[in-house]
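To start, the structure itself, in C-alpha cells.
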Amino acid sequence: MPMLDVTSADEIADDVRVRSNVVRLAAAQALTGANSAVIFATGSIVGATLAPDMSFATVPISMYVVGLAAGTLPTGAISRRFGRRAAFVVGTGLGTLTGLIGSFAILHASFALFCLATFLGGLYGSVAQSYRFAAADGASAAYRPKAVSWVMAGGVFAGVLGPQLVQWTMDIWSPYLFAFSFLVQAAVALVAMGIVAGVDMPKPAPADLHGGRPLLTIVTQPRFIAAALCGVISYPMMNLVMTSAPLAMKMCGLSLSDSNFGIQWHIVAMYGPSFFTGALIARFGAPKIVAAGLLLEAGAATIGLSGITAMHFWATLIVLGIGWNFSFIGASALVLETHRPQERNKVQAFNDFLVFGMMAIGSFSSGQLLANYGWSAVNMVVFPPVLLGLAALSLASFARRRKARLESAMGEFPDAI
C-alpha cells in the first residue's frame, strides 16, 4: 500500500507540473507569436522599400524561414545537453536582438541588416517551435495531443497582439515606417524570457543523452515518414501563401490596414482551433485531422484563385490558417507516436529541420513566383503537394493495418508465419 501511495503521489505531481508548464508555454507562445506576426506583416513591405529590386522584396521573410531551419538542430542539441529551459532563454535573447537590429536597419535603410534581423527572428521562432513538444514531456499518452494543442492555442493572442502592435506603432517614428514596431517587439521578447525562465524542465538524465534507437531506424518508419511529409507540406504551403499575401494585396491596390487585418485574422485562425484540435485528434485520430487540414489548405487556394478583393484575401488567409492548424498539430501528434521518451529531442529536432528546411527552400521562390507569375500562380502551387500528403497518409494507414493483421495472425497461428 505505501508503494501505491507513493506512485499515486508521483503521478499527481507530474500532472500538476505538466499543466503548469502548459500554461507558461502557452503564454510564451502568445508573446513569441508577436515576433513572427511583426515580421510577416512588415517583412515584404520593408523589403520592397529597402531591396535593390522588387523581386527581392520577400527575401527578409525567406531569411526568417532560413533561421527557422538553421535553429532546429542546435535547439535540439542545447535541449539534450543543458535542458529545454536553457534553449528557451537563449531563444528569447535572440528575439530581443531581432527587434533591436530590425529597428536600427530601418532607421539606417540597410537591407542587409534587416535580413540579419529577420534571420535572428527565425532562430527565435525555431526555439519556440519546440514549445509544443516540450508541453508533452511527462504527459500521459491521452493528454499529449491536448498539451500540444493548448500550447499552440497561445498563438490566438499572438494573432491579436502582433498585428495590433504593428497597427499602433508603425507611424510613431515617421517617416521610418515600422521602426518603432520592431523596438516594441524587442521588449515583448524580454517579457517572454521572464516567462520561460520559470518553466519546470529538469536537465536530461545522463542515460538519456545516448539512449534509444538510431535515428535512421526511427525516421524510416512509415508513420514517421507520413507525419514528417505532411508537416513539410502543410507549413511551407501555408507560408508560401501567407508570405505573398501582404505584397499581393498592395499590388492589387489594397491598403496597409487591409493587409494588417488579413494577417491578424489569419494568425487567429492558425491558433484559434487549438482549443479543440487536441480533442478532435483524441476522438478521430491524428491522420484524419491531418487530412482535413490539407483539404482546407487546398480550399484556401481555391478561394485565392476566385478573386482579388479584400474579402477574397481575408477568406483565403482565414481558411488557410484553420487548415494549417489541423494539419500541423495533427502531424506533430503523429511524430509523438513514433519515438520513445529518451529519443524525443533528436527526433523532434530532425522533424522540425525537415519542415523548416523545406520551408526555407520554398520561401526564396515566393517573391520570384509572385513578381513573375502573379497571385494565381502562388495559389496553384498548393494543390500537387496536398495530393501527395493525402497519398502518404493513406499508405501509412494501410501499412499500419497490415502490420496489425500480421501481428494478430502471429498471435492466433504462430506456426503459420
Side-chain angles (χ1 to χ4, degrees), residues 16-40 64 67-68 71-72 74-76 78-79 82-100 120-139 143-165 182 184-203 235 267-268 270-275 277-278 325 328-329 332 336 344-345 348-349 352 356:
V16 171
R17 182 181 66 81
V18 168
R19 282 169 170 75
S20 175
N21 284 340
V22 165
V23 171
R24 281 187 172 273
L25 291 170
Q29 181 74 52
L31 296 175
T32 303
N35 166 70
S36 58
V38 168
I39 291 173
F40 281 116
Y64 171 85
L68 277 175
T72 51
T75 296
I78 293 171
S79 298
F82 302 104
R84 291 203 192 261
R85 182 167 51 196
F88 296 164
V89 171
V90 170
T92 50
L94 292 169
T96 303
L97 286 176
T98 297
L100 295 176
L120 293 175
L123 294 178
Y124 178 25
S126 71
V127 176
Q129 287 299 326
S130 67
Y131 293 169
R132 72 190 195 278
F133 289 131
D137 287 358
Y143 186 66
R144 281 175 204 153
K146 294 179 182 178
V148 173
S149 185
W150 276 98
V151 168
M152 298 296 286
V156 172
F157 301 98
V160 176
L161 176 64
Q164 287 303 315
L165 185 155
F182 277 87
V184 175
Q185 186 272 316
V188 172
L190 281 176
V191 175
M193 183 184 291
I195 291 173
V196 297
V199 171
D200 185 7
M201 293 278 174
K203 290 176 63 175
Y235 215 135
I267 296 173
V268 170
M270 283 173 65
Y271 296 105
S274 298
F275 289 108
T277 305
N325 181 278
F328 189 65
I329 293 180
S332 299
L336 292 174
R344 60 177 177 252
N345 285 317
Q348 293 164 7
D352 281 356
F356 299 117

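Counting begins at 1 with the first residue of the sequence.
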side-chain contact (heavy atoms from CB on, under 4.5 Å) between Ser130 and Arg84, worked out:
CA-CA 9 Å; Ser130 67; Arg84 291 203 192 261; 4.1 Å; yes
At their closest point, which heavy atom of Ile195 faces which heavy atom of Ala27, and how far apart are they?
CD1-CB, 4.1 Å
Mind checking whether Val89 and Met193 have side chains closer than 4.5 Å, heavy atoms only?
yes
Roughly how far, to the nearest 0.5 Å, is CD of Gln129 from CD of Gln29?
7.0 Å
Between Ala189 and Gly95 the two heavy atoms that sit nearest each other are CB-C, 3.6 Å
Keeping Arg132 on the side-chain end and Val148 on the backbone end, is there a donor-acceptor pair under 3.5 Å?
no
Side chains of Asp352 and Ser126: closer than 4.5 Å at any heavy-atom pair?
no
What's the separation between atom CG in Leu94 and atom CG in Leu120, rounded to the nearest 0.5 Å?
6.0 Å
Answer whether the closest heavy-atom distance between the side chains of Thr32 and Val196 falls below 4.5 Å.
no
Please report the closest heavy-atom contact between Ala349 and Gly76, naming both atoms and the distance.
CB-CA, 3.9 Å
Looking only at non-hydrogen atoms, find the nearest pair between Tyr124 and Ala192 and report the distance.
OH-CB, 3.6 Å
Which value, rounded to the nearest 0.5 Å, describes the distance between Leu123 atom CG and Thr72 atom OG1?
10.0 Å
Verify side-chain hydrogen bond (donor to acceptor under 3.5 Å, both in side chains) between Thr277 and Asn325, making sure each step is shown before the conclusion.
CA-CA 8 Å; Thr277 305; Asn325 181 278; 2.6 Å; yes
What are the two closest heavy atoms between Val22 and Ala147, and how far apart are they?
CG2-CB, 4.1 Å
For the CD atom of Gln185 and the CG atom of Leu165, what is their distance to the nearest 0.5 Å?
8.0 Å
Residues that Phe182 engages under ring-ring contact (aromatic ring centres under 6.0 Å, His included), provided they are two or more places apart:
Phe114
Please report the closest heavy-atom contact between Val127 and Gly91, naming both atoms and the distance.
CG2-CA, 3.8 Å
Looking only at atom types and distance, does a side-chain atom of Asn21 sit under 3.5 Å from a main-chain N or O of Val199, one as donor and one as acceptor?
no
By ring-ring contact (aromatic ring centres under 6.0 Å, His included) - contacts of Tyr131 (at least two apart):
Phe88
For Val188, which of Val38, Thr96, Leu31 qualifies under side-chain contact (heavy atoms from CB on, under 4.5 Å)?
Leu31
